[in-house]
Amino acid sequence: MELKWLLYVTLLALGTLAVQAHDMDDDNDGDDVVDIEDDLDDGIEEAEESKPEMSTPPPTPKVTYRPPVPTGEVYFAESFDKGTLDGWILSRAKKDDTDDEIAKYDGKWEVQDMKDTKLPGDKGLVLVTRAKHHAISSKLAKPFVFDTRPLIIQYEVNFQNGIECGGAYVKLLSKTPELNLDQFHDKTPYTIMFGPDKCGEDYKLHFIFRHKNPKTGRYEEKHAKRPDADLKTYFTDKKTHLYTLVLNPDNSFEILVDQTVVNSGNLLNDMSPPVNPPREIEDPNDQKPEDWDERPKIPDPDAVKPDDWDEDAPAKIADENAVKPEGWLDDEPEYVADPDAEKPEDWDEDMDGEWEAPQIANPKCEAAPGCGTWQRPMIDNPNYKGKWKPPMIDNVNYQGIWKPRKIPNPDFFEDLEPFKMTPFSAVGLELWSMTSDIFFDNFIICTERAVADDWASDGWGLKKAADGAAEPGVVGQMMAAAEERPWLWVVYILTVALPVFLVVLFCCSGKKQPSAAEYKKTDAPQPDVMDEEKEEEKDKGDKEEEEEEEANEEKLGSDADIGNASQEEEEEEEEEEDRKPASEEEETVNRSPRNRKPRKD
């Protein structure tokens with residue numbers, strides 16, 4: 001057993017030494033690293049020359065890109081695969097209430113291939129610059145009117161460089177006579193805002209719609225509740241994600257990421273603030289009466305401070321039972337001037353004052369329990385009671401917490417169809433970002449779920465398939481890592497060989513049989529002799545058991561015969577006794593030992 005554990009510890013030590021050796025190699029000079037790599041290259045070339053030609057692995061399956069084509073009626077569809085911004089309008093507006101240097105919407109947009117794309121020919125709209133205002137928009141084929149058909153908006157986003165602080169949401173711009181896409185800015189009226197947004201560690205997925213008050217005509221933003229799903233991965237994994245918003249005429253909505261629902265609800269119940277105001281509100285003119293008592297407890301007016309209550313007693317007093325420790329150095333200060341300190345050469349007493357050596361702990365106090373004037377420690381005062389206060393009792397005049405009375409809400413209205421929003425006629429991106437190269441692609445606005453799903457399958461689905469085909473398996477990733485860091489081969493070997501070795505060692509190893517020489521040294525019987533002796537003892541034991549059984553049977557037979565004979569004799573004696581006369585019975589009685597006279601010698 002000790003040998004097994006010794007081997008186990010040895011293997012672990014080899015793995016640790018291999019890792020430490022790699023760390024030491026990283027600390028060596030560049031020249032040494034070059035020499036080692038040259039040696040490795042020479043060894044690899046020699047090995048390759050000596051090895052027979054091996055079959056190359058099958059090539060990675062390629063996914064051919066084809067621009068998606070709508071399979072039904074759409075209000076807007078854009079894949080950017082033409083490579084131009086035809087149909088898109090760059091804003092020339094300026095942001096209000098902002099310094100002129102950053103007020104302009106001068107951020108750059110370009111149509112580019114995605115970085116590290118696996119689909120040659122697949123292009124998208126890229127927000128190129130950072131720390132600037134960006135605004136770009138495009139007209140719909142026809143305005144979208146909210147009637148009896150759902151609204152579906154869908155597009156793709158890839159944060160190619162991650163995201164520090166910025167958004168990637170779209171705005172559906174309301175159809176108004178004043179709409180001028182050349183002057184698109186943050187105050188341009190929109191009907192819906194939807195998409196991802198992040199700043200710091202706050203990850204959001206917006207769904208906001210502007211609701212028109214039917215009584216006042218004013219618009220108010222309504223925000224959907226925050227999704228319960230963790231959104232961080234969509235911002236940090238640098239992969240293309242598909243964002244979908246589905247609005248239904250029954251006021252229900254769904255928000256999907258990568259065709260998975262992450263948020264859902266109803267426009268009437270799950271928006272903040274609510275679409276419909278409350279029927280009643282608190283009267284703003286109502287005031288609390290001056291005699292309104294909101295105190296549930298009051299001091300007892302009949303309570304009197306006890307005569308022995310001492311409010312002046314201190315909370316802490318000196319411990320009279322304390323004794324100064326032996327060896328306390330009363331005459332030694334706790335701190336003394338550093339004897340090794342020297343006044344700096346550039347010390348100017350006229351400017352800096354008189355120089356004094358810095359204070360250090362008194363070395364004489366290190367071995368003593370303390371230095372300086374000894375004082376008794378302070379303890380809690382058992383007689384301390386503090387300032388007296390009367391106890392609290394229930395307030396018989398308590399009236400509860402006052403609230404203003406309710407009155408009918410003069411602004412109340414009830415809109416049971418918030419789905420019927422303001423029609424929109426354009427889609428726009430109005431963004432500020434501290435990170436560049438945000439990739440947008442494959443916008444679609446339609447009313448049929450199947451059309452949106454087909455569009456997603458031909459666009460985002462191809463990207464996902466291409467990424468999956470290009471990603472190596474677990475074994476491939478491990479091999480690639482080992483090529484960059486050869487020391488990983490030691491870890492792999494130990495990881496694979498160690499469990500196998502332990503299984504073989506603990507499960508398959510048997511107990512070693514002693515050799516013939518050892519039998520001769522100890523005169524112990526060898527296995528074949530021991531086996532013969534065991535067989536003889538077994539046969540002998542079987543014979544003894546058979547003999548015992550036969551003896552027992554004979555004994556039982558004889559006991560049975562004796563019992564039968566004795567029973568017959570008893571029956572004969574009983575018959576003879578019946579024939580004897582009564583006199584003989586008396587004689588027998590007289591002759592019994594109890595009636596016989598004692599014999600005289």
Side-chain angles (χ1 to χ4, degrees), residues 1-33 35-36 164 200-202 232 236 305-392 481 485-488 490-491 494-495 498 502:
M1 195 66 177
E2 295 179 355
L3 178 59
K4 297 178 182 178
W5 285 111
L6 181 60
L7 292 174
Y8 177 74
V9 172
T10 303
L11 287 173
L12 290 180
L14 287 174
T16 305
L17 291 174
V19 175
Q20 292 179 351
H22 169 68
D23 295 338
M24 294 175 63
D25 291 341
D26 290 342
D27 296 337
N28 290 337
D29 296 336
D31 295 340
D32 295 339
V33 174
D35 294 340
I36 294 173
E164 292 182 28
E201 290 300 314
D202 188 11
K232 183 176 181 179
T236 58
K305 182 176 72 172
D307 294 336
D308 60 348
W309 192 282
D310 186 2
E311 294 184 346
D312 299 329
K316 297 283 186 179
I317 58 174
D319 186 2
E320 297 297 334
N321 297 325
V323 178
K324 183 173 67 174
E326 295 183 2
W328 189 279
L329 304 178
D330 297 271
D331 299 331
E332 292 291 339
E334 294 185 28
Y335 296 94
V336 296
D338 186 359
D340 298 328
E342 297 180 358
K343 183 173 70 174
E345 295 180 358
D346 58 349
W347 187 274
D348 188 349
E349 293 188 356
D350 295 334
M351 298 291 295
D352 303 325
E354 184 179 357
W355 180 82
E356 295 181 356
Q359 297 287 307
I360 62 172
N362 191 341
K364 296 182 180 179
C365 300
E366 293 180 358
C371 292
T373 304
W374 180 80
Q375 295 180 350
R376 298 179 184 275
M378 303 298 288
I379 60 174
D380 293 334
N381 184 359
N383 298 321
Y384 173 74
K385 296 182 179 181
K387 185 175 179 60
W388 181 84
K389 294 180 181 179
M392 303 297 287
R485 295 174 287 276
W487 58 271
L488 283 175
V490 178
V491 178
L494 290 175
T495 305
L498 183 60
L502 291 177

Do you know which two heavy atoms are closest between [X] and [Y], and how far apart they sit?
X      : Y      : result
Trp388 : Pro306 : NE1-CD, 3.6 Å
Ala322 : Trp374 : O-CH2, 4.0 Å
Asp338 : Ala357 : O-CB, 3.8 Å
Pro382 : Ile317 : CD-CD1, 4.1 Å
Ile360 : Pro339 : CD1-CD, 4.0 Å

* Residues forming a side-chain hydrogen bond (donor to acceptor under 3.5 Å, both in side chains) with Glu366, sequence neighbours excluded -> none

* Asked: Please, which pairs that meet salt bridge (Lys or Arg N to Asp or Glu O under 4.0 Å) have at least one residue in residues 369-379, sequence neighbours excluded?
  -> none

* Residue pairs, two or more places apart or on separate chains, that pass side chain to side chain donor-acceptor pair (under 3.5 Å) and touch residues 342-363 -> Glu332-Asn362

* Does anything in residues 309-320 pair up under side chain to side chain donor-acceptor pair (under 3.5 Å), and if so which pairs, sequence neighbours excluded? -> Lys316-Asp380

* Expected output: side-chain Trp328 to main-chain Thr373 donor-acceptor under 3.5 Å -> no

* Asked: Taking atom CG of Asp331 as the centre, does the number of heavy atoms from other residues, nucleotides or ligands within less than 6.0 Å exceed 12?
  -> no

* To do: Please indicate whether Lys364 has more than 12 foreign heavy atoms, meaning atoms of other residues, nucleotides or ligands, lying under 6.0 Å from its NZ.
  => no

* For Lys324, check salt bridge (Lys or Arg N to Asp or Glu O under 4.0 Å) against everything at least two apart and list the hits. => Asp330

* Asked: For residues 319-369, which residue pairs qualify under disulfide bond (SG atoms under 2.5 Å apart), counting only residues two or more places apart or in two chains?
  -> Cys365-Cys371

